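From a predicted model like this one, the values you see are computed outputs, not experimental measurements.
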Amino acid sequence: MTERDDDLEFDFFDDDPDAVGTYEGEPPAPAAPAPRGGGGPGSPRRPPAARPQVGLTPLLRLAGLIAFAILVVVLLIFWISSCQGAGKKSSYKRYMEKVAVIAQDSQQHGRELNDALTTPGSKFADLSTRASSIAQGEQQNVAAARQLNPPGPLRLQHQQAIEALEFRVSGLRGLSQVFDRASRTPKNVTGNALLLAGQAERLVSSDVVWDDLFKDPAIEELRRQGITGVAVPDSSFVPNPDYASTRYWEAILQRLQGTSSTGGTSGGLHGTGLISVKALPGNQELSADTENTVTATTDLGFAVTVEDTGDSQEVQVKVTLTIQQTPSPIVQTKTIDLINPGEQQTVTFHNLGQVQFATRTMVKVDVAPVPQEKNTSNNSAEYPVIFSLG
């Protein structure tokens with residue numbers, strides 16, 4: 001090997017591991033730029049840049065967004081709850097309004113029965129037919145009640161309301177049957193009165209069931225549900241607490257028996273009498289012989305007590321109160337539906353209007369004579385009165 005051969009170098013790869021290989025004839029690759037601040041092996045390393053600190057403003061914004069989101073959720077829950085509460089109240093109100101229509105109609109049927117029992121000149125057959133007709137109307141109320149869809153918590157109370165109405169239908173039909181029987185056996189007063197009282201017990205029971213098993217529990221349920229402003233209707237069928245009394249029906253049968261036999265009123269002594277007149281609200285009894293000074297308050301009224309002085313039952317007894325003042329007297333009339341022998345009843349006159357003050361006037365009370373009444377001397381009286389402001 002020659003000296004020239006020794007000069008040949010087989011440098012296929014550069015000894016420098018950082019060098020970039022090139023082919024012959026290619027320009028060398030540009031050197032990598034040195035890092036800022038010097039990047040040689042001996043150069044000191046630049047410490048990494050510090051991470052920027054988070055300020056209070058972003059945290060406050062985040063807290064505000066969270067608080068706003070919570071507020072939105074709370075308001076949404078409140079709105080949903082309010083809507084549910086309003087919907088629940090509306091459901092109960094609609095139901096009670098429908099029940100009220102039935103309750104008022106049923107109560108009107110009770111007044112119709114009372115009118116039939118106290119109509120002068122009624123006969124057994126008339127009452128039998130009338131009671132049957134009222135029962136048919138009451139059966140329609142039962143059907144209407146069964147069509148209602150009460151709120152879930154009131155289902156039991158609703159069934160009790162239906163039961164009360166069914167008691168009324170049963171009692172009315174029973175009265176109709178007994179009156180029909182009495183028309184054929186009018187002299188059996190005691191037996192027929194006992195049967196009538198038994199049927200009338202159903203009517204009395206209907207009021208108890210309505211009040212104790214429907215109305216009061218429904219009011220309590222509404223209170224438990226937190227529902228206000230929804231009225232639970234009342235429905236009183238029986239106007240007289242003596243309906244279930246045999247004595248009550250005996251007097252009616254005796255009157256009807258006399259009507260049937262005489263074609264007019266029942267036999268026996270007939271008469272009514274004026275017992276007393278009291279100024280309200282102080283219950284000041286008026287005297288017909290001396291001047292009466294009466295304080296005219298905003299709730300001024302008069303209570304008139306009347307007695308059946310005969311030995312026969314009387315019906316539709318009219319009582320009239322007159323305050324004789326100019327230019328226009330004050331006149332009111334009330335009616336006693338039914339009064340039994342020896343019984344006293346009081347009628348009350350209210351809402352009399354404007355009376356004249358410091359002027360002597362007369363307050364007159366008249367009890368209209370009943371049919372066949374012979375003594376009317378105790379049917380009316382006049383009381384000298386001076387109204388004062390107190």
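The distance from atom CG of N340 to atom CD1 of I252, rounded to the nearest 0.5 Å, is 8.0 Å. Expressed to the nearest 0.5 Å, how far CG of N378 lies from CD1 of I275 amounts to 7.5 Å.
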Test side chain to side chain contact (heavy atoms under 4.5 Å, CB included) applied to Q332 and K334, step by step = CA-CA 7 Å; Q332 281 191 10; K334 303 288 185 178; 4.1 Å; yes
I would like to know whether Q356 and T326 meet side chain to side chain contact (heavy atoms under 4.5 Å, CB included); could you show each step before the answer?
-> CA-CA 9 Å; Q356 294 177 351; T326 57; 4.3 Å; yes
key: Intermediate values then yes/no, side-chain hydrogen bond (donor to acceptor under 3.5 Å, both in side chains), R168 and S235   = CA-CA 11 Å; R168 294 172 182 179; S235 184; 2.9 Å; yes
(request) Could you walk me through whether E291 and V385 pass the side chain to side chain contact (heavy atoms under 4.5 Å, CB included) test, one step at a time? (result) CA-CA 6 Å; E291 192 170 79; V385 171; over 6 Å; no
message: Pair S287, N292 - check side chain to side chain contact (heavy atoms under 4.5 Å, CB included), show working.
response: CA-CA 7 Å; S287 171; N292 304 273; 3.9 Å; yes
### Task
Carefully, step by step, assess E343 and Q345 under the rule side-chain hydrogen bond (donor to acceptor under 3.5 Å, both in side chains).
CA-CA 7 Å; E343 181 183 5; Q345 290 195 25; 3.3 Å; yes
As a quick check of understanding, evaluate side-chain hydrogen bond (donor to acceptor under 3.5 Å, both in side chains) for R94 and S90, giving each step before the final call.
CA-CA 6 Å; R94 287 195 303 269; S90 177; 2.6 Å; yes
query = Step by step, would you call Q344 with T305 a side-chain hydrogen bond (donor to acceptor under 3.5 Å, both in side chains)?
reply = CA-CA 7 Å; Q344 292 185 359; T305 301; 5.8 Å; no
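Contact of the T322 side chain with the I330 side chain is not registered, since no non-hydrogen atoms from C-beta on lie closer than 4.5 Å. The closest side-chain heavy-atom distance from V355 to I323 is below 4.5 Å. Side-chain contact between Q372 and L269 is absent, with no heavy atoms from C-beta onward closer than 4.5 Å. The closest side-chain heavy-atom distance from I102 to L165 is below 4.5 Å. The side-chain heavy atoms of P384 and R360, taken from C-beta on, include a pair separated by under 4.5 Å. Under the 4.5 Å side-chain criterion, counting only non-hydrogen atoms from C-beta, F237 is not in contact with V204.
Residues E373 and H270 bring no donor and acceptor atom of their side chains to less than 3.5 Å of each other. Between Q177 and D180, the side chains place no donor N or O within less than 3.5 Å of an acceptor N or O (distance only, hydrogens not considered). A donor-acceptor pair shorter than 3.5 Å cannot be found between the side chains of S388 and T293.
Under a 4.0 Å N-O distance rule, the pair E112/R130 qualifies as a salt bridge. Salt-bridge formation is detected for the pair R223/E220: a Lys NZ or Arg NE/NH1/NH2 atom is positioned less than 4.0 Å from an Asp or Glu carboxylate oxygen. Salt bridge annotation for E221-R224: present, with a cationic side-chain nitrogen under 4.0 angstrom from a carboxylate oxygen. Taking 4.0 Å as the cut-off between side-chain N and carboxylate O, E166 and R146 count as a salt-bridged pair.
Note: H158 and F214 fail the aromatic proximity criterion, with ring centroids not under 6.0 Å apart. Aromatic ring centres of Y243 and W249 lie closer together than 6.0 Å.
Counting non-hydrogen atoms of neighbouring residues, nucleotides and ligands closer than 6.0 angstrom, the CD atom of Q140 reaches no more than 12 such neighbours. By the 6.0 Å contact criterion, CG on N351 is open, its count of non-hydrogen atoms from other residues, nucleotides or ligands being 12 or less. Around CD of Q147, the count of heavy atoms belonging to other residues, nucleotides or ligands within 6.0 Å does not exceed 12.
A244 approaches E201 most closely through the heavy-atom pair CB-CG, 3.7 Å.
Residue I336 forms a side chain to side chain contact (heavy atoms under 4.5 Å, CB included) with just one option from V367, V306, D308, and that option is V306.
A continuous path of hydrophobic side-chain contacts links L172 to L256 [ILVMFWY only; heavy atoms under 4.5 Å].
Between F387 and F302, the ring planes are perpendicular. Angles over 60° get that label, and only those under 30° would be called parallel.
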